[in-house]
Amino acid sequence: MILDLIHNEVKKALTQIENTDSSKLDIVVATNNKFGDFQTNVALQHAKILRKKPLDIAQDIADRLQSSPLFSKVEIANPGFINISIDTQTINSLLTDMSSCQYNGISQTKSNETIIIDYSSPNVAKTMHVAHLRSTIIGDALKRIYKACGYNALGDNHIGDWGTQFGKILYAYKNFEHPTDIEKDSVAMLEKIYQEFTQKAEEDSTLDDYARQELVSLQKKEEPNYSLWKKFISISLKEFHRVYKRLDITFDMENGESFYNDNLQGIIDQLQSKKLCQESKGAQVVFFEDDKYPPCLVQKNDGSFLYATTDLATVFHRQNKLNANKAIYVTDNRQKLHFQQFFHISELMGKDYELEHVMFGLMKFGEGTVMSTRKGAVISLQFLLDEAEKRAFDVILDRDYSEEEKKEIARVVGIGAIKYQDLSQNPMTDITFTWEKALNLEGNSAPYLQYAYARAQSIHRKFVETFPDHDLKSSKYCIDFVDGGSSKETIEKELALHILMYGHAVHHAKNQNKPNLIADYLYQLSSKFSSFYNQVPILKEESQSKRGSLILLSDLCAKTLKDGLNLLGIETLERM
RNA sequence: GCCUGCUUAGCUCAGCUGGAUAGAGCAACUGCCUUCUAAGCAGUGGGUCAGAGGUUCGAAUCCUCUAGCGGGUACCA
């Protein structure tokens, strides 16, 4: 909002000058406060077009900006920067606007577009482990961010509930020994017999044939396989949902792969009638023009379908039944080619909305952090969360809270820390898992942000207690920074300006599908608040009106922290 | 082979469509708890942005090449 304001003002000035192009106009926060609050390099960009010296152009623009009441100072600097200082009255009025804004300064999209976010997607009969964290948490954050910007964002959990592995599981379940009480410790049991099957099949390949028979029987919906399959799914879902609940993750729908079974043949028919696929080595294959991508199989030579087929069916289900305007898939970057292929195919088939693949890097494991399904040394998500909560609990062990409060604090801090360490990193880069980092509760971590919030809330409580007659509703922002002001005034203004950038940060994160941009913003916000906290004792401020202004600023900062953390799916605490 | 991604401080990572002195956290070191919560604040040290060219007023960022590491590449998802 503040940027839009400046943007419009500069644009106005620019249009008064001939042959300028305001489409490239970019306003950024000044890199150093000696360069004012914001800066732009439009003059430099126009030097060539206008065939003038950049400094002259900058001067011309600056002259036109001087008269704006929004700015207190407009200066030019070599080689052609324009440095803009915001008038404190402007800041005060923007803060007032933001305080009363129900969206906390996040501008809302006018189109009521439906965005499907496809994330998490665990496989039935497999334990969720740390590597599943990324898709789940990033997808959930994206959904929250899109919603905050006014979109109709829907989460879909595309569960892996179909495929060849079920033949193996069925065979193993029927023939291997396992606890009869399937409800107990069940996913672990299913996983165990699956591993057992894999081992035995290495020695005895006839097992694979038996598994195939079980699969065919399942595909024909024959009993008992069909019922068993349903049971495996319900057991798995039950366990997944326990984890989701702990992580505060929700979905608007959970259409697993099997949901699309009845549409798969239709996809092949369509591809064939449009001559998009052809038979090759007994399978149905899509070839791309100029061999842009390697061929993509949509039906195996035994007639069964593949990943790409299901995904194509999903694309058109979302188009026809959900009226999607956009679908975002959150998966790891190894699947890049697959997404390129089926995105391209769906384009040829007449897809009429936008598809986007948000990829993230692999989770790697450092020394001493073994990660192997075969060796059974997996770090389960449950275990990781338990550890995080334990670590958080230890920090407050001696504090004067009830046992129940301590548990709640440990829960919020522990889960928050796990989420934050993932979300604060650029999704694209590989993430190296270490216990040290995952359970870090200091520095740039969730507790740091939660702590800033809790401190602000604490001030608020004490403020109300100490000044019971103070009417907060009649308080006004009165930041009155003057050039060369004290460090108190400087940090106050810096904090205010940063708060005003919240809406921009959220949209930036949305446009790039990078929640870490919000994490970054919030870390800086907390850091500025912590400095402010140390330098400006609000309750000691003698002027009543100034005191009122400071508490409003602290409150707005707290509100923004809470709002922003919520976008990352991280809870806040009133005390910790 | 072909396609594709990565390489920034001792470690883990930011760095937006090119902009002013490349930033954080951890680790190390120095101060600060009778004052709104020290999960904190203030500060110090630490860099050939893998290497070489190019594009231009200006490059960690864009282009080309080289090296190292990773991922993908027809019946898995």
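We name chains A, B, ... by the order of the sequence lines, and we start the count at 1 in each one. Since the structure is predicted, the reported quantities are computational estimates derived from the model, not experimental observations.
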Map I459(A) and A308(A) onto RNA chain B by nearest heavy atom, then report which one ends up closer to the 5' terminus.
-> I459(A)
For the side chain of Y523(A), counting heavy atoms from C-beta on, which of rA14(B), rA24(B), rU35(B) is nearest?
-> rA24(B)
Syn or anti: how is rC33(B) classified when any glycosidic angle within 90° of 0 counts as syn?
-> syn
Measure the distance from CG on L522(A) to C1' on rA14(B) and round it to the nearest whole Å.
-> 15 Å
Looking at every strand, decide which applies to F287(A) at a 4.0 Å heavy-atom threshold: base, sugar-phosphate, or nothing.
-> base
Nucleotide paired to rC26(B) in any strand shown, Watson-Crick or G-U, under 3.5 Å | rG10(B)
Sidechain N-carboxylate O distance under 4.0 Å for E408(A), R411(A) = yes
Which part of the nucleic acid, if any, lies within contact of D400(A), taking any heavy atom under 4.0 Å across all strands shown: a base, the sugar-phosphate backbone alone, or nothing?
-> nothing
So, H508(A) side chain and L517(A) main chain: donor-acceptor pair closer than 3.5 Å or not?
-> no
Side chain to side chain donor-acceptor pair (under 3.5 Å): pairs with one or both residues in residues 532-542 of chain A, sequence neighbours excluded = S487(A)-Q535(A)
Value in whole Å for how far the P atom of rG70(B) lies from CG of L362(A) = 12 Å
Could you check which of rC36(B), rC26(B), rU21(B) has an atom nearest any side-chain atom of L539(A)?
-> rC36(B)
Euclidean distance for P, rA22(B) against rU48(B) (whole angstrom) | 13 Å
Rounded distance in Å between the C1' positions of rU8(B) and rC2(B) = 30 Å
Taking the same atom, P, in rA24(B) and in rG18(B), what whole-Å distance lies between them?
-> 24 Å
Could you tell me the separation between the CG atom of N516(A) and the P atom of rG23(B), rounded to a whole number of Å?
-> 19 Å
Give me the one residue out of Y293(A), Y329(A), F288(A) that meets ring-ring contact (aromatic ring centres under 6.0 Å, His included) with F342(A).
-> Y329(A)
Could you give the distance separating rG45(B) and rG10(B) at their C1' atoms, to the nearest angstrom?
-> 13 Å
Side chain of L517(A): nearest nucleotide among rU37(B), rG15(B), rA74(B)?
-> rG15(B)
Identify whether the distance between the nearest side-chain nitrogen and carboxylate oxygen of R134(A) and D332(A) falls below 4.0 Å.
-> no
Under 4.0 Å between a Lys/Arg side-chain N and an Asp/Glu carboxylate O for D290(A) and K292(A)?
-> no
On RNA chain B, more 5' by nearest nucleotide between G282(A) and P427(A) is P427(A)
Just checking, R575(A) and Y401(A): is the charged tip under 6.0 Å from the six-membered ring centre and within 45° of the axis?
-> no
Re rC69(B): Watson-Crick or G-U wobble partner, both distances kept under 3.5 Å, found to be rG5(B)
K168(A) side chain to F197(A) backbone, donor-acceptor under 3.5 Å | no
Each nucleotide N or O in nucleotides 3-7 of chain B that has a protein N or O under 3.5 Å away: list the pair and distance.
none

Checking all strands, does Q524(A) fall into the base, sugar-phosphate, or nothing category for heavy-atom contacts under 4.0 angstrom?
-> nothing
D394(A) with R391(A): basic N within carboxylate O range, under 4.0 Å = no
For nucleotides rC49(B) and rC11(B), find the distance between their P atoms and express it as a whole number of Å.
-> 16 Å
Scanning all shown strands, the Watson-Crick or wobble mate of rC62(B) with both distances under 3.5 Å is rG54(B)
Would you classify K34(A) as touching base, sugar-phosphate or nothing, given that sugar-phosphate means primed atoms plus P, OP1 and OP2, and contacts are heavy atoms under 4.0 Å?
-> base
Anything under 30° is parallel, anything over 60° is perpendicular, the rest tilted; go ahead and classify W435(A) against F433(A).
-> perpendicular
Report which part of the nucleic acid V536(A) touches: base, sugar-phosphate, or nothing (heavy-atom distance under 4.0 Å, all strands).
-> base
Under 4.0 angstrom, heavy atoms only, what part of the nucleic acid is D26(A) near: base, sugar-phosphate, or nothing?
-> base
Centroid under 5.5 Å and tilt under 30°, F35(A) to rA20(B) = yes
Using a cut-off of strictly less than 4.0 Å, decide whether N123(A) has a side-chain nitrogen or oxygen near OP1 or OP2 of rA77(B).
-> no
Quick one: label A452(A) by what it contacts on the DNA or RNA (base, sugar-phosphate, nothing), any heavy atom closer than 4.0 Å.
-> nothing
Take atom NZ of K437(A) and atom C1' of rA24(B), then tell me their distance rounded to the nearest Å.
-> 13 Å
Using the six-membered ring wherever Trp is involved, compare the ring planes of Y521(A) and H498(A) and label them parallel, tilted or perpendicular (cut-offs 30° and 60°).
-> parallel
Check every strand shown and say whether I538(A) touches a base, only sugar-phosphate, or nothing at a heavy-atom separation below 4.0 Å.
-> base
When you compare rA9(B) with rG47(B), how far apart are their C1' atoms, in angstrom units rounded to a whole number?
-> 6 Å
Does the rA20(B) base have a donor-acceptor partner in the side chain of N83(A) within less than 3.5 Å?
-> yes
Quantified in whole Å, what is the P atom distance between nucleotide rA14(B) and nucleotide rA50(B)?
-> 14 Å
Between F259(A) and H158(A), is the gap from one ring center to the other below 6.0 Å?
-> no
Sub-3.5 Å donor-acceptor pair from the side chain of S458(A) to the main-chain atoms of A454(A), do we have one?
-> no
To the nearest Å, give me how far apart CG (D291(A)) and C1' (rG1(B)) are.
-> 15 Å
Can we call the ring centroids of Y448(A) and Y523(A) under 6.0 Å apart?
-> yes
Whole-Å distance separating the CG atom of D332(A) from the P atom of rG70(B) = 17 Å
Q341(A) CD - rC2(B) P separation (whole Å) | 19 Å
Classify the nucleic acid contact of A454(A) as base, sugar-phosphate or nothing, counting any heavy atom under 4.0 Å across all strands shown.
-> base
Base, sugar-phosphate alone, or nothing: which one does R461(A) contact when heavy atoms must sit under 4.0 Å apart?
-> nothing
Select base, sugar-phosphate, or nothing to describe what K514(A) touches, counting heavy atoms under 4.0 Å on all strands.
-> sugar-phosphate
Is there a side-chain polar atom (N or O) of K462(A) under 4.0 Å from OP1 or OP2 of rU37(B)?
-> yes
Rounded distance in Å between the C1' positions of rU64(B) and rC76(B) | 38 Å
In whole angstrom, give the distance that lies between atom OH of Y521(A) and atom P of rG15(B).
-> 18 Å
What protein N or O atoms touch nucleotides 39-45 of chain B N or O atoms at under 3.5 angstrom, if any, and at what distances?
unit_1: rA39(B); atom_1: OP1; unit_2: Y451(A); atom_2: OH; d: 3.3
unit_1: rA39(B); atom_1: OP2; unit_2: R399(A); atom_2: NH2; d: 3.0
unit_1: rA39(B); atom_1: N7; unit_2: R399(A); atom_2: NH1; d: 3.3
unit_1: rG40(B); atom_1: OP1; unit_2: G443(A); atom_2: N; d: 3.1
unit_1: rG40(B); atom_1: O2'; unit_2: R455(A); atom_2: NH1; d: 2.8
unit_1: rG40(B); atom_1: O2'; unit_2: R455(A); atom_2: NH2; d: 3.3
unit_1: rC41(B); atom_1: OP1; unit_2: Y448(A); atom_2: OH; d: 2.5
unit_1: rC41(B); atom_1: O4'; unit_2: N534(A); atom_2: ND2; d: 3.1
unit_1: rA42(B); atom_1: OP1; unit_2: S531(A); atom_2: OG; d: 2.8

Give one of base, sugar-phosphate or nothing for Q39(A), where a contact means two heavy atoms less than 4.0 Å apart.
-> base
